[in-house]
Amino acid sequence: MQYKILIIDDDKELLKMLRRYFELKRYEVITAENGTEGLNKIKLHPDIILLDVNMPQIDGIEVCRRIRDKVSCPVLFLTARVEEQDIVNGLSSGGDDYILKPFSLKELDARITAHLKREKRHRNRTECYFQGELSIDYKAKTVQIHADRLELTKLEYAIIEFLSMNPGMVFDKERIYEKVCGFDAEGDSRVITELIRRIRNKFQKYTKTTYIETVWGMGYRWVK
């Protein structure tokens with residue numbers, strides 16, 4: 001299967017390099033030099049999107065916010081920003097991962113491959129999970145409490161899916177990041193604490209039941 005990749009970045013030389021590299025890897029490559037052009041090319045239905053954060057007029061965070069409800073494919077941010085809040089902002093806008101510039105093409109390739117494989121596994125999954133008032137549809141990627149559907153980002157949903165499929169097992173932040181993002185990278189796990197806090201807040205709007213438990217000094221687990 002030939003995957004279609006959309007790369008949105010205002011660095012023309014970087015676009016040329018990435019186009020050459022991924023065409024050699026048998027991808028169909030679509031490029032855009034700014035956020036406006038990138039938004040117009042979403043209609044070409046890419047399988048994965050590489051999105052620069054720092055762009056004039058419409059930056060990558062805003063592009064991601066605008067497209068997230070319209071596309072389900074993974075969005076990977078390319079960024080020179082290293083502050084934790086910038087990372088959290090990117091993921092909370094609907095991004096699935098980020099990679100710091102300058103980056104290794106092999107590392108980028110590995111992350112893309114991992115995300116595409118995970119998407120394929122999700123498409124093939126048909127099970128549902130029920131626990132008390134909570135239900136998870138793994139095929140539709142939805143979580144409901146009673147009749148209320150939770151509004152979740154892709155990464156928030158992925159954490160719920162991973163933990164709920166392994167109830168009672170304790171996972172540290174690094175392991176959770178590796179499983180939900182498909183690639184283990186030092187420092188990335190620091191966003192997991194923030195994302196789990198957000199998930200808990202969304203649960204608490206509809207139930208007093210604790211589903212994700214903190215095991216101090218060890219990590220997190222899904223309560224059976």
Side-chain angles (χ1 to χ4, degrees), residues 1-9 11 13-32 38 44-54 60-61 63-64 67-68 71-84 86-125 141 153-159 161-163 165-166 171-192 194-195 219:
M1 176 180 178
Q2 185 181 36
Y3 288 107
K4 188 182 299 183
I5 182 170
L6 171 59
I7 309 171
I8 307 172
D9 200 301
D11 185 333
E13 292 303 315
L14 179 61
L15 285 180
K16 290 179 183 178
M17 179 185 71
L18 292 176
R19 176 186 286 279
R20 288 194 298 266
Y21 181 83
F22 285 109
E23 285 182 342
L24 287 173
K25 292 286 184 174
R26 307 300 184 190
Y27 286 85
E28 179 182 343
V29 180
I30 307 162
T31 61
L44 299 176
H45 305 296
D47 297 297
I48 193 164
I49 299 170
L50 302 185
L51 180 56
D52 181 32
V53 171
N54 296 315
I61 302 294
V63 170
C64 190
I67 68 173
R68 190 70 281 181
V71 300
S72 61
C73 70
V75 176
L76 279 66
F77 283 112
L78 306 177
T79 178
R81 295 180 178 177
V82 294
E83 294 298 323
E84 181 173 353
D86 292 321
I87 296 168
V88 171
N89 289 343
L91 295 176
S92 63
S93 72
D96 299 283
D97 201 357
Y98 74 96
I99 185 166
L100 294 177
K101 294 179 179 180
F103 49 79
S104 157
L105 285 173
K106 287 185 178 180
E107 179 184 357
L108 178 60
D109 191 12
R111 292 200 189 199
I112 288 171
T113 299
H115 279 284
L116 290 172
K117 285 182 178 179
R118 193 176 74 252
E119 285 295 300
K120 184 176 181 180
R121 289 196 300 271
H122 284 165
R123 285 196 297 269
N124 293 334
R125 184 176 288 128
K141 302 181 185 179
T153 67
K154 285 194 69 178
L155 203 55
E156 288 168 353
Y157 169 78
I159 291 171
E161 179 183 277
F162 171 62
L163 293 177
M165 294 185 76
N166 297 278
F171 298 95
D172 60 26
K173 292 181 292 184
E174 290 75 16
R175 180 65 168 163
I176 295 171
Y177 180 87
E178 178 184 358
K179 295 302 293 184
V180 303
C181 290
F183 193 89
D184 188 14
E186 184 178 355
D188 291 342
S189 63
R190 59 187 171 172
V191 302
I192 295 298
E194 169 67 15
L195 290 169

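By convention here, the first residue in the shown sequence is residue 1. The basis for the numbers below is simple: all heavy atoms, side chains too, and nothing from hydrogens, waters or symmetry mates.
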Partners passing side-chain hydrogen bond (donor to acceptor under 3.5 Å, both in side chains) against Lys101 (at least two apart in sequence or in another chain): Asp9, Asp52
Are any side-chain N or O atoms of Asp96 and backbone N or O atoms of Leu76, one a donor and one an acceptor, separated by less than 3.5 Å? no
Do Ile5 and Ile112 come within less than 4.5 Å of each other through their side chains, counting heavy atoms only? yes
Mind running side-chain contact (heavy atoms from CB on, under 4.5 Å) on Phe171 and Leu163 for me, showing each step along the way? CA-CA 8 Å; Phe171 298 95; Leu163 293 177; 3.9 Å; yes
Is there a donor-acceptor pair closer than 3.5 Å between any side-chain N or O of Arg118 and the backbone N or O of Lys179? no
Heavy atoms only: give me the nearest Gly60-Phe77 pair and the separation to one decimal. O-CE2, 3.6 Å
Please lay out, stage by stage, how Tyr27 and Leu116 fare under the test side-chain contact (heavy atoms from CB on, under 4.5 Å). CA-CA 12 Å; Tyr27 286 85; Leu116 290 172; 3.9 Å; yes
After noting the C-alpha distance and the side-chain angles of Asp109 and Thr113, does the key distance pass the side-chain contact (heavy atoms from CB on, under 4.5 Å) rule? CA-CA 6 Å; Asp109 191 12; Thr113 299; 3.6 Å; yes
Looking only at heavy atoms, the pair that brings Asp47 and Pro74 closest together is O-CD, 3.3 Å
According to side-chain hydrogen bond (donor to acceptor under 3.5 Å, both in side chains), who are the partners of Lys154, at least two apart in sequence or on a separate chain? Glu119
Working to the nearest 0.5 Å, report the span between CD1 of Ile48 and OH of Tyr3. 9.5 Å
Are the side chain of Lys141 and the backbone N or O of Tyr157 linked by a donor-acceptor pair below 3.5 Å? no
Rounded to the nearest 0.5 Å, the CG atom of Leu155 sits from the CG atom of Leu195 at a distance of 5.0 Å
With respect to Glu23, which candidate in Arg19, Arg20, Arg26 satisfies the side chain to side chain donor-acceptor pair (under 3.5 Å) definition? Arg19
May I have the step-by-step check of side-chain contact (heavy atoms from CB on, under 4.5 Å) for Leu108 and Phe22, ending in yes or no? CA-CA 10 Å; Leu108 178 60; Phe22 285 109; 4.0 Å; yes
Does a side-chain heavy-atom distance below 4.5 Å link Leu14 with Ile7? no
If you look at every heavy atom in Arg68 and Val75, which pair is closest and at what distance? NH1-CG2, 3.4 Å
Could you give the distance from CD (Glu161) to CD1 (Ile159), rounded to the nearest 0.5 Å? 11.5 Å
Please name the pair of heavy atoms, one in Ile8 and one in Gly38, separated by the smallest distance, quoted to 0.1 Å. CD1-CA, 3.7 Å
Inter-residue atom distance Lys16.NZ - Asp11.CG, 0.5 Å rounding: 10.5 Å
Does the side chain of Leu78 come within less than 4.5 Å of Phe103's, by heavy atoms? yes
Looking at CD1 of Ile99 and CZ of Arg111, how far apart are the two atoms once the value is rounded to the nearest 0.5 Å? 5.0 Å
Contact between Glu194 and Val191 at the side-chain level, heavy atoms closer than 4.5 Å - yes or no? no
Looking at Gly95 and Cys64, what are the two nearest heavy atoms and their distance? N-SG, 3.5 Å
Just verifying a value: how many Å separate Leu105 CG and Leu24 CG, rounded to the nearest 0.5 Å? 11.0 Å
